[in-house]
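For reference, the structure discussed in these notes is given below.
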Amino acid sequence: MTAPPTLPVHMQRNGFDPVPVLAELRDGKGIERIRTAFGMQAWLVTRFADVREVLSDPVRFSNARLQEAGRPPGLPPVTPEERARQLAGNLLAADPPDHTRLRRMLTPEFTVRRMRRLEPRIREIVHEHLDAMERHGPPADLLAEFALPVPSLVICELLGVPYADRAAFQERTHRQLDLRVPMEDRLEAGKESRAYMAELVARAQAEPGEDMLGMLVREHGHDLTADELAGIASLLLIAGHETTANMLGLGTLALLRHPAQLAIVRDEPDRVDSAVEELLRWLTIVHTGTAKMATVDTEIARQPIAAGDLVMCALPTANRDPELRTDPDRLDVTRGGVGHVAFGHGVHHCLGAPLARMEMKIGFPALLQRFPGLAEVPGTATFRSFSIIYGLTSLQVTW
């Protein structure tokens with residue numbers, strides 16, 4: 001059994017903000033040697049320009065070669081065949097050209113044009129859940145009643161996953177992302193997720209529907225193995241509901257605690273696009289994304305980095321870099337679009353970003369217009385610190 005991890009410095013926050021020591025590091029050396037949650041040494045890159053440099057260079061900084069760093073201490077070994085099955089179809093564990101091959105098949109499903117076709121259904125889903133919240137009456141847990149079910153239903157319909165299975169896959173996702181859960185259990189949750197997806201893939205292969213799994217089987221069935229299909233679907237299901245759910249939950253709390261900003265999102269539809277970008281920048285719920293391995297002796301922020309070293313990017317401090325924005329620690333939804341790295345950057349820039357943006361652009365104003373007196377129940381908002389994706393575990397609201 002592995003011991004519960006210590007929360008590493010790059011995951012530590014004071015509410016919405018990265019802890020001060022991270023800002024001091026960014027404004028000083030810009031890079032530091034840290035210990036990850038799994039006891040491995042890594043370089044933590046904190047400045048916006050340096051983070052973009054790392055993320056935009058998959059030749060010097062490899063996702064796939066990270067597997068060569070070995071498994072965290074205390075875990076049983078796996079055979080190369082088992083390891084290959086675990087990683088098949090996982091875009092976050094691939095480099096070009098394999099990553100390019102997989103991504104090319106999925107990109108048409110996440111274009112802005114494709115998202116616009118989904119917009120009426122997303123609006124319908126949002127309003128159905130607001131209706132249910134209204135019928136339930138105050139107080140209500142915003143996460144359970146709105147922030148989590150909306151993106152869960154959207155990704156289920158898009159992907160072709162039965163929504164009735166949501167409790168089971170949400171529980172597995174929780175186990176996979178929560179660092180307090182022993183690594184053995186997290187790995188087991190990953191196996192269960194793949195096994196579940198493998199069943200759905202087999203059904204789609206027998207009778208492909210009009211959803212994304214059906215499309216992949218029909219159009220790319222000869223190019224993708226069953227393991228790759230299961231891996232792609234597992235990643236999309238997790239990323240498709242977990243990230244947006246936490247942005248909706250944490251973003252709502254941020255707006256409730258900044259009433260002037262909330263009024264802009266509620267009353268000025270022309271500013272919703274920029275408001276969503278600012279919330280993405282200011283909250284940056286993905287702490288680092290995946291670690292990378294340096295493939296050659298190189299340098300970042302004047303720090304020599306040896307081939308084989310692990311490198312991690314602190315996305316929240318990069319997005320709060322004064323070189324990116326003036327007064328970066330202030331939430332200002334009128335700033336307009338900025339080149340933040342909340343969705344990553346480079347070849348691994350989040351494939352589902354247009355879908356996430358669409359859900360937030362519809363969800364935030366619809367919630368605030370339906371309940372103009374929305375307020376948090378004091379003392380009920382609890383931040384979840386040990387998750388790979390930052391957010392809230394609950395938020396009781398009233399209206």
Side-chain angles (χ1 to χ4, degrees), residues 1-47 51 54 66 69-75 92 143 170-190 238-239 242-243 245-247 249-251 253-254 257 280-292 309-321 329 341-342 344 379-395:
M1 297 288 288
T2 53
T6 301
L7 191 65
V9 65
H10 61 272
M11 294 177 64
Q12 295 175 17
R13 303 208 190 187
N14 288 337
F16 304 115
D17 306 320
V19 291
V21 66
L22 282 169
E24 292 167 8
L25 170 59
R26 178 197 61 215
D27 300 338
K29 290 171 56 181
I31 186 168
E32 186 62 87
R33 197 76 161 152
I34 62 160
R35 182 179 293 274
T36 72
F38 311 113
M40 306 164 87
Q41 293 289 323
W43 292 105
L44 184 68
V45 181
T46 58
R47 293 179 187 143
V51 164
V54 170
L66 176 65
R71 289 160 66 81
L75 290 181
L92 297 178
L143 269 72
Q170 286 169 354
E171 187 275 332
R172 284 194 296 269
T173 300
H174 173 75
R175 273 194 286 150
Q176 286 179 267
L177 299 180
D178 190 339
L179 297 183
R180 295 168 302 181
V181 175
M183 180 59 93
E184 301 93 323
D185 294 344
R186 294 179 59 212
L187 293 174
E188 185 60 31
I238 292 173
E242 188 69 18
T243 50
N246 282 289
M247 271 303 302
L250 197 62
L253 181 62
R257 292 186 179 180
L280 285 163
R281 180 196 72 82
W282 197 70
L283 296 170
T284 315
I285 58 169
V286 178
H287 298 289
T288 63
T290 56
K292 301 172 187 305
D309 282 358
L310 296 187
V311 178
M312 302 181 75
C313 294
L315 303 181
T317 50
N319 278 338
R320 300 281 190 103
D321 191 334
D329 291 325
V341 289
T380 62
T382 53
F383 295 90
R384 58 178 214 178
S385 299
F386 276 88
S387 177
I388 290 171
I389 298 172
Y390 191 58
L392 300 170
T393 54
S394 67
L395 173 59

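Nearest heavy atoms, Ala318 versus Val51: CB-CG2, 3.8 Å. The shortest heavy-atom contact between Thr317 and Ala23 is CG2-N, 4.4 Å. Of all heavy-atom pairs spanning Asn14 and Pro20, the tightest one is ND2-CD, 3.5 Å. The heavy-atom pair separating Met247 from Ile285 by the smallest distance is CG-CD1, 3.7 Å. Residue Ala381 comes nearest to Arg257 through the heavy atom pair CB-NH2, 4.1 Å, listed as atom of the first residue, atom of the second, then distance. Here the closest non-hydrogen pair linking Leu280 and Ala342 is O-CB, 3.4 Å.
In this structure, the side chains of Thr393 and Leu143 stay at 4.5 Å or more apart for every pair of heavy atoms. Within the 4.5 Å cutoff, side-chain heavy atoms of Phe386 are placed close to those of Leu7. In this structure, Pro8 and Thr36 have side chains that are not in contact, with every pair of non-hydrogen atoms separated by 4.5 Å or more. With a 4.5 Å cut-off on side-chain heavy atoms, Arg26 and Asp321 count as touching. No side-chain heavy atom of Trp43 sits under 4.5 Å from any side-chain heavy atom of Met312. Gln41 places a side-chain heavy atom less than 4.5 Å from the side chain of Arg35. For the pair Leu44 and Leu22, the minimum side-chain heavy-atom distance is below 4.5 Å.
The only option from Glu188, Gln176, Arg186 that meets the side-chain contact (heavy atoms from CB on, under 4.5 Å) definition with Val181 turns out to be Arg186.
Relative to the six-membered ring of Phe383, Arg13 misses at least one condition, a distance below 6.0 Å or an angle of at most 45° to the axis.
To the nearest 0.5 Å, atom CD of residue Gln12 and atom CG of residue Asp17 are 13.5 Å apart. Separating the CE atom in Met11 from the OG1 atom in Thr288 is a distance of 8.0 Å, to the nearest 0.5 Å. Atoms NE2 and CD, from His10 and Glu32 in turn, are 13.5 Å apart once rounded to the nearest 0.5 Å. Here OG1 of Thr290 is found 5.5 Å from CG of Leu92. Values are rounded to the nearest 0.5 Å. Rounding to the nearest 0.5 Å gives a distance of 4.0 Å between CZ of Arg175 and CD of Glu171. For the atom pair CZ of Arg320 and OG1 of Thr284, the computed distance is 7.0 Å after rounding to the nearest 0.5 Å.
A tilted orientation is assigned to the rings of Trp282 and Phe16, their planes being inclined by 30° to 60°.
Here the side chain of Thr46 pairs a donor or acceptor atom with the backbone of Gly30 at under 3.5 angstrom. A distance-only check finds a donor-acceptor pair linking the side chain of Asn319 to the backbone of Val341 [under 3.5 Å].
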